[in-house]
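Here is the structure we will look at, set down as structure tokens.
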Amino acid sequence: MYKVVTKRFLNDAKTICLFEIEAPLAARHAQAGQFVIFRLDEQGERVPVSVADWDREKGTVSVMVQAAGRTTKMLHTVEQGDYISDFVGPLGRATEMEGLKKVCVVGGGVGCAIAYPIAKEMHKRGIEVTFIGGFRSADIVILKDELKEASDKLIMCTDDGTYGEMMKFLADVTRPYGISTIISLDPIMVDGTGMCGGCRVIVGGETKFACVDGPDFDAHQVDFDSLLKRAAFYKDEQDRAAQHICKMTGGKRNG
Amino acid sequence: MANMRLTKNEMPEQDPIVRAGNFDEVALGYTPEMAIDEAKRCLNCKNPACRTGCPVAVRIPEFIAKVAEGEFEAAYDIITSTNSLPAVCGRVCPQEKQCESKCVRGVKGESVGIGRLERFVADWHMAEQAKLEKVEVEVPASNGHRIAVVGSGPAGLTCAGDLRKMGYDVTIFEALHKSGGVLVYGIPQFRLPKEIVAKEIDNLKAMGVKIVNNAIIGKSETVDELFEDGFEAVFIGSGAGLPQFLHIPGENLLGVYTANELLTRVNLMKAYRDDYDTPIKHFHRVAVVGAGNVAMDAARVAKRLGAEHVYICYRRGRDELPARLEEVEHAEAEGIEFHLLNNPTRILAGEDGFVTGIELLRQELGEPDAKGRRSPVPVPGSEWVLDVDTVIIAIGTSPNPLIRNTTGGLTFTRKGGIEADEGGVTAREGVFAGGDAVTGAATVILAMGAGKAGAVSIDKYIKEKNA
């Protein structure tokens, strides 16, 4: 069991919440760009989520989760001091920063939680960071102060696209200029260790597993059409499941 | 006087039509009367060949003699003196290729049902244990030497169990939230109930084996760090979890699963149950590509999830089917349809990206190759489309690269397996390996044999180092 040491909503609309979890094994090697997988309880699914922060001394890893589907909505009902069943990581490769000098880090909505630790680490290493944060509306903005701290220049804006499409358009914007563009993907996966193959993405015509080969890939090589379709594979099932969360017990199915 | 009947006592089974609609165990197990009757078929040979066919050298005639006497607990003790997972082996071992293939009774008639007897004894023991209020387990005293085992599949569990019995302080590191490796994520409930795996693992824990779940060696910690943390030897039994693909067009379309994904969703995550959250598609017509045991498992799982038609598509013929005959027969009885001598050439989809069919190219059997296996030869222009909404790729798996990418000093085979000798000794001092991580995908019992050999080698290594 893994203890929720801190729980804190990150915006006024309470759409995105930070959970600091006691997980010494995951904290030992967590790096920017990697992810963890959590499971709420025995009946829960395995859900991948980016590492947002970590404290090696305390042995904790923080994640920032938007209540979207059934599991994430249930996670939002878990309180500080409660325990969740599983928390495993770090998974995937860390973001490569070697030799970079000037980087624009872009986050959309909850994607800022993925982008934040990357910007922070780059900024710490002396890379010039411009952070562009896109949110649908002002009341759901997260991490404004933290992002200011983690960048040389912060630009916050509002848009009305989805995060997946945003990455696709971003790739189109940078392509003509030949600007090296890396995106962090979060496709459907089960184990996160290269076993199920559910997270496969087509990059430069080749099949890659986001869990072990990624999650970072060259945005100009990713087949977005396939990516976006695969991400929506269980949409019907997920929509149905999200409608049935017990109002009495919430995230604590087993008391 | 031995029972000279030529045939085995038949295994009671759930009716095929009924069982194709549930996930309960197919084979129901012998009654004590059946077990005693079957045990009396054993001639108790002076030089028991059966034992040489067993990778973990179970003392077969000895335990069967006890079954014949009705001394089931004594039979259990004999089996577990060399085999830590009898309830598992009694269910999933290919006995017909191992112990039973060597049985003298098989020369004229059927061999003794060794596997069925092993299963009976293990189940009888578990049922008796369940009746007790408190189970007394012998915990061997610790010799103070700490050993790390990577992976809690059949190789790791066996190695850990044997080392613990020798007195070692053993910790297993398991990447998933549940222990058992392929026994929990791969083999379906109806062939190996997960409660049985859990009980075998509880037995090991009661003996003092520690298991750390959610620990991915190669990610959460490296092998080097295990040594830094004070472990004196490491056994790697991380299996062969990486799925292989056909490399034909359409493999990333919506509705194409690897067998690993389907089986993990259903077996580990229990997607077949309404009270579990992991989703699975409600599919109707399913093509399974491949014809090994995993393909049969995937096909039978798909059928139980409600698919109206499940097809096995395989490029060779019936005589070349790699699955156990028993699995093929079970699949056929449950209504799985076989398209033999058909090789997939591409997967088709509608505009929305969802699978609509699989194109197959008919094959003919050519001349036997060096191994005597007849190779398929395509029939030009014989492509046809099988109308399906789901394709499951079950053509094999290879060793997971996480250890390979993060552990220095090891050498690897061309197929990505860790190079190790028969005793599990690798190129790096203190690191041992066995099971699918070395051989590539094989059987549970071979992995257990490798775990056993690894334990012997580790014991020898520690003793020599401290001599």
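Throughout, a chain's letter reflects where its sequence line sits, starting with A, and its residues are numbered from 1.
- A salt bridge does not link B:Asp274 with A:Arg240: none of the charged nitrogens is closer than 4.0 Å to a carboxylate oxygen.
- Summarising the geometry of B:Glu221 relative to A:Arg28, their closest heavy-atom pair is OE2-NH1, 2.6 Å, with the distance given to 0.1 Å.
- No other option in B:His177, B:Glu261, B:Met269 has as many heavy-atom pairs under 4.5 Å with chain A as B:His177.
- When all heavy atoms are compared, the tightest approach of A:Glu237 to B:Pro279 is CB-CB, 4.1 Å.
- Looking only at atom types and distance, the side chain of B:Glu225 has a donor-acceptor partner in the side chain of A:His29 under 3.5 Å away.
- Residue A:Ile37 does not touch chain B at all, counting heavy-atom pairs closer than 4.5 Å.
- When each of B:Lys281, B:His247, B:His282 is checked for heavy-atom pairs under 4.5 Å with chain A, B:Lys281 comes out on top.
- When side chains are defined from C-beta on, B:Pro243 counts as touching A:Phe209, because their heavy atoms get closer than 4.5 Å.
- Using a 4.5 Å cut-off between heavy atoms, B:Leu402 contacts chain A through its side chain alone, with no backbone atom that close.
- In this structure, A:Lys3 places its NZ atom where only 12 or fewer heavy-atom neighbours from other residues, nucleotides or ligands lie under 6.0 Å away.
- The structure places CG of B:Leu263 at 9.5 Å from CE of A:Met195, a figure rounded to the nearest 0.5 Å.
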B:Asn214/A:Tyr2 under side-chain hydrogen bond (donor to acceptor under 3.5 Å, both in side chains): CA gap, chis, key distance, verdict: CA-CA 11 Å; B:Asn214 295 326; A:Tyr2 297 79; 3.1 Å; yes
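- Between the side chains of A:Thr207 and B:Asn252, at least one donor N or O sits under 3.5 Å from an acceptor N or O.
- Counting non-hydrogen atoms of neighbouring residues, nucleotides and ligands closer than 6.0 angstrom, the CZ atom of B:Arg146 exceeds 12 such neighbours.
- Scanning both residues, A:Arg230 and B:Leu253, for their nearest heavy atoms gives NH1-O, 3.6 Å.
- Chain B forms more heavy-atom pairs under 4.5 Å with one residue of A:Val190, A:Val201, A:Val212 than with any other, namely A:Val190.
- In A:Arg56, the CZ atom is crowded: over 12 heavy atoms of neighbouring residues, nucleotides or ligands sit closer than 6.0 Å.
- The distance from atom CG of B:Asn400 to atom CG of A:Asp191, rounded to the nearest 0.5 Å, is 8.0 Å.
- Salt bridge B:Lys270/A:Glu42: absent, no basic N to carboxylate O contact under 4.0 Å.
- For the set B:Thr222, B:Thr278, B:Leu254, the count of heavy-atom pairs under 4.5 angstrom toward chain A peaks at B:Leu254.
- Although no hydrogens or angles enter the test, the distance criterion places a donor-acceptor pair under 3.5 Å between the side chain of B:Thr258 and the main chain of A:Cys196.
- A:Arg46 places a side-chain heavy atom less than 4.5 Å from the side chain of B:Leu176.
- Taking CG from B:Asn213 and CG from A:Leu25, the interatomic distance works out to 11.0 Å, rounded to the nearest 0.5 Å.
- In plain terms, the two heavy atoms of B:Ser220 and A:Gly89 that are nearest each other are OG-O, 2.9 Å.
- Within the 4.5 Å cutoff, side-chain heavy atoms of B:Val256 are placed close to those of A:Arg200.
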